[in-house]
Amino acid sequence: MSRRQPGTPPTSHEKIDICRGLFAFLVVSAHAVDVAWAVHPSAPSAMSPAPHDAWLYIVAAGVFWVIGFFAISGYCIQLSAERLARSGRFPLGSYLTARLSRILPLYYTALASAVVFEWLMGDHRPSVWPNGLDRSTLIAQLFVAQNFAQTFGSFAPSWSITNEMFYYVFFGLLAWVATRRGIRPATLGMVVCATLAVALEVAYFAWFRRDPLARGLGLLFGLGTIWFQGALVAVHRDAIRESRSARGISAAWPLALALAIGLWYTRAVHLQVLYLLLGVAFTMMLARFVATDVPGAAATPDRGRLGAAIRGLGLASYPTYLFHGPLIVWLASTMARAGILPADWRATWLILSAAGIGSGVVLGFVAERPLMAWRAGMLRRLRDPSRPAAAPTTATLGASR
């Protein structure tokens, strides 16, 4: 444990934990708008155009923050892969074990909760996210293939987990092949994703206009370019720290993000263009985090309660994202059936947001934290079966993304 350093600026690792938590909370507040409007159906039409559009295209646009997750994920996975490949070879089996044990246990727990919440609501569920309540969709969810088919009702936010799983496996295979040939897997992945994204988009608009598979694959590889942008920031982090121009340009990331949000609010750009703009903004954000790291500082310095709060945000991120959808739809249904919905839809929105965020914070400590501790011990035993498992530290929990 490092000495307490309350005055040290936040490190890039800490800033990422803060962003992961805040992005998840913003996704919850976005989806709470959809659910609140579903149980207050007259509310949107009663609003004047400007406030309505601000709620719809800014507050309710959870996709902004999902794109941020993709960039952060690429950055973190590149760092993890570098630690695994220090011997000059890439252990694909260990990498896949680490990735699958990170994402699947909580995912399947959340999916089970979605089934239970949908059963509890029955015919009284709100009209939000009504699709996919059938056996075939549930099977697709079990194989984490929902983004190629359909999401299971209120588990709709899980669409992005298909992308994450694909990028994890795709990157691992690239690293396994590229490391042997002295090629950077992040660079190779960016080239492959950009090439396929352009080719599939052209094919979709030219020949397969009504084919959802062509569109889905194009978006998968298009969003993959954003994932690999984050990975490339990790690859070039030393050069970014030493570059004055990188420090200056990356400082403008809030302006780039505001521009993307503003263009979406005015409906001035297509959705795919929005994705690209958001990818640039969040890549600049990561570059700024790296560029402003204090040389020689610990990745997670001891900050006492402040440090615990930052780690808590990181722990809350994944369970908040996974569990909030079914919970807030069920809560809205229960309130409507009991006749206790507030008269003002904004009060319902606040209640749903608080429930989704609060439950995620709790699950971060009672579910995510013990799962991460179990995972850290399991991975240590796999690397060195003769070595007894030590109690995981805060640093090892944070490093095992």
Side-chain angles (χ1 to χ4, degrees), residues 12-13 16 69-104 143-145 147-148 160-200 217-243 246 279 283 286-287 290 293 299 372 375-387 395-396 398-401:
S12 56
H13 287 79
I16 285 173
F69 278 128
F70 285 147
I72 288 173
S73 176
Y75 178 88
C76 292
I77 298 308
Q78 171 63 35
L79 295 180
S80 177
E82 288 178 11
R83 290 192 293 269
L84 284 173
R86 282 175 180 164
S87 63
R89 53 180 292 274
F90 186 78
L92 181 61
S94 297
Y95 167 84
L96 291 176
T97 300
R99 300 279 57 82
L100 296 179
S101 63
R102 172 68 185 93
I103 201 169
L104 289 181
F143 287 95
V144 203
N147 205 26
F148 296 118
S160 66
I161 305 302
T162 296
N163 293 55
E164 284 285 359
M165 280 289 291
F166 175 80
Y167 303 145
Y168 285 175
V169 175
F170 183 50
F171 179 85
L173 292 173
L174 288 176
W176 183 62
V177 172
T179 302
R180 299 179 176 186
R181 292 164 173 77
I183 303 171
R184 286 175 172 161
T187 303
L188 180 59
M190 173 61 81
V191 171
V192 172
C193 282
T195 302
L196 290 177
V198 172
L200 287 164
L217 287 172
L219 283 174
L220 178 70
F221 286 104
L223 293 173
T225 63
I226 296 170
W227 195 94
F228 279 101
Q229 284 172 207
L232 286 170
V233 171
V235 169
H236 298 288
R237 59 191 181 277
D238 291 335
I240 291 171
R241 290 190 186 105
E242 296 171 1
S243 171
T283 301
L286 289 171
V290 167
D293 262 345
M372 293 286 278
R375 175 176 173 268
M378 178 197 69
L379 294 176
R380 277 195 302 274
R381 289 191 296 273
L382 287 176
R383 286 194 295 267
D384 187 359
S386 64
R387 182 180 177 183
T396 57
S400 57
R401 297 183 182 90

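Throughout, residue positions are numbered sequentially from 1 according to the sequence presented. Only this structure's heavy atoms are used, side chains among them; waters, hydrogens and symmetry mates stay out.
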Worksheet item: Does some side-chain heavy atom of Val233 sit less than 4.5 Å from a side-chain heavy atom of Gln78?
Response: no
Discussion item. Can a donor-acceptor pair be found, under 3.5 Å and without considering hydrogens, that links the side chain of Arg237 to the backbone of Ala234?
Written reply: yes
Worksheet item: In chain order, what residues pass the side-chain hydrogen bond (donor to acceptor under 3.5 Å, both in side chains) check against Asn163, with sequence neighbours excluded?
Response: Asn147, Tyr167
Worksheet item: Quick one: OG on Ser101 to CE on Met372, what's the gap to the nearest 0.5 Å?
Response: 9.0 Å
Would you mind writing out the side-chain donor-acceptor pairs for residues 222-231 within the sub-3.5 Å range, not counting sequence neighbours?
{"from": "Thr225", "atom 1": "OG1", "to": "Gly222", "atom 2": "O", "distance (Å)": "2.5"}
{"from": "Trp227", "atom 1": "NE1", "to": "Ser73", "atom 2": "OG", "distance (Å)": "3.0"}
{"from": "Gln229", "atom 1": "NE2", "to": "Gly279", "atom 2": "O", "distance (Å)": "3.1"}
{"from": "Gln229", "atom 1": "NE2", "to": "Thr283", "atom 2": "OG1", "distance (Å)": "2.6"}

Worksheet entry | Any residue meeting side chain to side chain contact (heavy atoms under 4.5 Å, CB included) with Ala246, in chain and number order, not counting sequence neighbours | Ile240, Ser243
Worksheet entry | Derivation of the side-chain contact (heavy atoms from CB on, under 4.5 Å) call for Val290 and His236 | CA-CA 10 Å; Val290 167; His236 298 288; over 6 Å; no
Response to the item:
Rounding to 0.5 Å, atoms CE (Met378) and OG1 (Thr97) come to a distance of 6.5 Å
Response to the item:
Sequence neighbours excluded, the answer for side chain to side chain contact (heavy atoms under 4.5 Å, CB included) partners of Leu219 is Arg215, Gln272, Tyr275
Worksheet item: Which is it for Glu164 and Val144 under the side-chain contact (heavy atoms from CB on, under 4.5 Å) test, yes or no, and what are the steps along the way?
Response: CA-CA 10 Å; Glu164 284 285 359; Val144 203; over 6 Å; no
List the atom pairs, donor and acceptor, that lie under 3.5 Å between side-chain atoms in residues 168-196 and the rest of the protein, sequence neighbours left out.
{"from": "Thr179", "atom 1": "OG1", "to": "Ala175", "atom 2": "O", "distance (Å)": "2.6"}
{"from": "Arg181", "atom 1": "NH1", "to": "Val177", "atom 2": "O", "distance (Å)": "3.2"}
{"from": "Thr195", "atom 1": "OG1", "to": "Val191", "atom 2": "O", "distance (Å)": "2.7"}

Practice prompt. Please list, chain by chain and in numerical order, all residues satisfying salt bridge (charged side-chain N to carboxylate O under 4.0 Å, His left out) with Arg241, sequence neighbours excluded.
Written response: Asp238, Asp293
Worksheet item: Which residue pairs satisfy the salt bridge (charged side-chain N to carboxylate O under 4.0 Å, His left out) criterion with at least one member in residues 219-229, sequence neighbours excluded?
Response: none
Item to complete: Drop me the distance from Cys76's SG to Ile16's CD1, to the nearest 0.5 angstrom.
Response: 4.5 Å
Discussion item. Is any side-chain heavy atom of Phe221 closer than 4.5 Å to one of Val198?
Written reply: no
